[in-house]
2 protein chains.
Amino acid sequence: MRSAQKQKLSDSLSHQLATCGFRFTPQRQHVYSVLLGKLDHPTAEEVFIRAKRELPDISMATVYNCLDALVKCGLARQVSLARGATRFCPNMKNHCHFYCDTCESVFDVNLPAEPGIALPEGFKAAHYDIAIHGRCPACANGGK
Amino acid sequence: MRSAQKQKLSDSLSHQLATCGFRFTPQRQHVYSVLLGKLDHPTAEEVFIRAKRELPDISMATVYNCLDALVKCGLARQVSLARGATRFCPNMKNHCHFYCDTCESVFDVNLPAEPGIALPEGFKAAHYDIAIHGRCPACANGGK
DNA sequence: GATTTGGTTTAGAATTATTCCAAATATTGA
DNA sequence: TCAATATTTGGAATAATTCTAAACCAAATC
């Protein structure tokens with residue numbers, strides 16, 4: 001990534017954090033860059049392992065804190081697809097997730113528009129989470 | 001519930017289990033009736049507590065086993081909405097879930113039709129899981 | 001510039017959620 | 001009825017997440 005681009009990213013991160021009353025810290029910056037570095041829906045544990053390469057002293061608690069801050073300020077989504085660890089996704093475009101029940105991989109699937117589901121009186125929707133379960137191409141073939 | 005109705009339920013349970021190669025057991029029957037008894041999306045722990053009232057010796061491992069069997073044979077859905085325990089839902093009609101981020105309650109929301117999302121070549125969808133996050137009527141008013 | 005204030009990080013303990021295991025038991029099919 | 005196999009049980013083990021207190025750090029105040 002070019003340095004100017006990196007600068008831009010950290011400006012927007014800093015701004016988004018500030019908007020929600022969070023401080024900008026090296027840990028948060030790095031956790032965000034780890035998320036952006038590989039869009040494979042890592043768990044907190046996986047983010048922790050990746051973050052450690054550059055910040056060897058970062059702790060698990062901090063990774064959770066950073067991820068939560070990113071989610072709260074709208075720079076990442078938390079993805080709960082099955083029992084087991086929650087995953088994180090920095091793709092904030094309108095999309096949903098395909099979860100392969102066989103290999104447990106997650107794929108982003110573009111959504112043309114928000115679903116538009118009629119809610120009963122009084123419910124206030126903040127966001128939609130659509131998950132499609134099934135088999136990915138590799139598992140649909142291989143696994144018979 | 002009338003006895004004839006109960007009989008019918010356990011017939012269909014027995015049949016569904018058999019179809020997937022599972023055996024019909026008193027524990028599975030009771031766990032299923034616990035789920036049907038209160039449609040509030042309980043966690044495995046909550047099911048365990050409720051099931052114990054009638055089957056005091058049932059174990060947590062059995063509750064998980066029963067719930068998994070019900071899910072696999074199509075009599076219940078597993079619902080992952082946030083970090084923390086998975087919940088279970090015996091409503092198999094076409095519906096989605098509204099999750100109140102404030103009080104953590106779950107509500108069923110009717111869906112007129114399946115969403116119909118275009119998947120990339122090779123992906124095989126088994127089922128859709130739509131969750132709407134936001135605030136329920138009580139929390140939308142009270143909080144704030 | 002020194003001080004206060006409060007958010008953040010850290011390591012590790014604690015808790016929660018789920019899975020695994022081996023022995024005992026129950027169910028199904030022959 | 002008997003054998004074969006699935007299921008249940010209690011408890012141990014593991015995985016995922018949260019909590020806690022002390023140290024640290026940045027921004028606001030004096």
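Below, each value reflects all heavy atoms present in this structure, side chains not excepted, and no hydrogens, waters or symmetry copies.
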For nucleotides 22-30 of chain C, which of its nitrogen or oxygen atoms have a protein nitrogen or oxygen under 3.5 Å away, and what is each distance?
residue : atom : partner : partner atom : Å
C/dT27  : O2   : B/R23   : NH1          : 3.0

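- A residue-by-residue look at B/F22 and B/R83 shows that B/F22 has its nearest nucleotide of DNA chain D further toward the 5' end.
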Using residues 61-74 of chain B as the side-chain source, report each donor-acceptor pair under 3.5 Å to any protein atom, sequence neighbours left out, with the distance given to one decimal.
residue : atom : partner : partner atom : Å
B/T62   : OG1  : B/S59   : OG           : 3.2
B/N65   : OD1  : B/R28   : NH2          : 2.8
B/D68   : OD1  : A/R83   : NH2          : 2.2
B/D68   : OD2  : A/R83   : NH2          : 3.2

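- Comparing atom distances between the B/C66 side chain and each of D/dA16, D/dT8, D/dT9 picks out D/dT8 as nearest.
- For B/P56 and B/R28, each mapped to the nucleotide of DNA chain D holding its nearest heavy atom, the one lying further toward the 5' end belongs to B/R28.
- Under a 4.0 Å N-O distance rule, the pair B/D108/B/R77 does not qualify as a salt bridge.
- Residue contacts for A/E45: at a heavy-atom cut-off of 4.0 Å it reaches no nucleic acid atom on any strand shown.
- Inter-residue side-chain proximity for B/V106 and B/F98 is flagged as unmet; no heavy-atom pair is nearer than 4.5 Å.
- In this structure, B/A44 and A/T62 both approach DNA chain C, and ranking their closest nucleotides by distance from the 5' end singles out A/T62.
- In this structure, the side chains of A/R87 and A/L81 come closer than 4.5 Å at one or more pairs of heavy atoms.
- At a threshold of 4.5 Å between non-hydrogen side-chain atoms, the residues A/C103 and A/C139 count as touching.
- No side-chain N or O of B/N110 forms a donor-acceptor pair with one of B/H95 less than 3.5 Å apart.
- Taking only side-chain nitrogens and oxygens, A/T86 never comes nearer than 4.0 Å to OP1 or OP2 of D/dA16.
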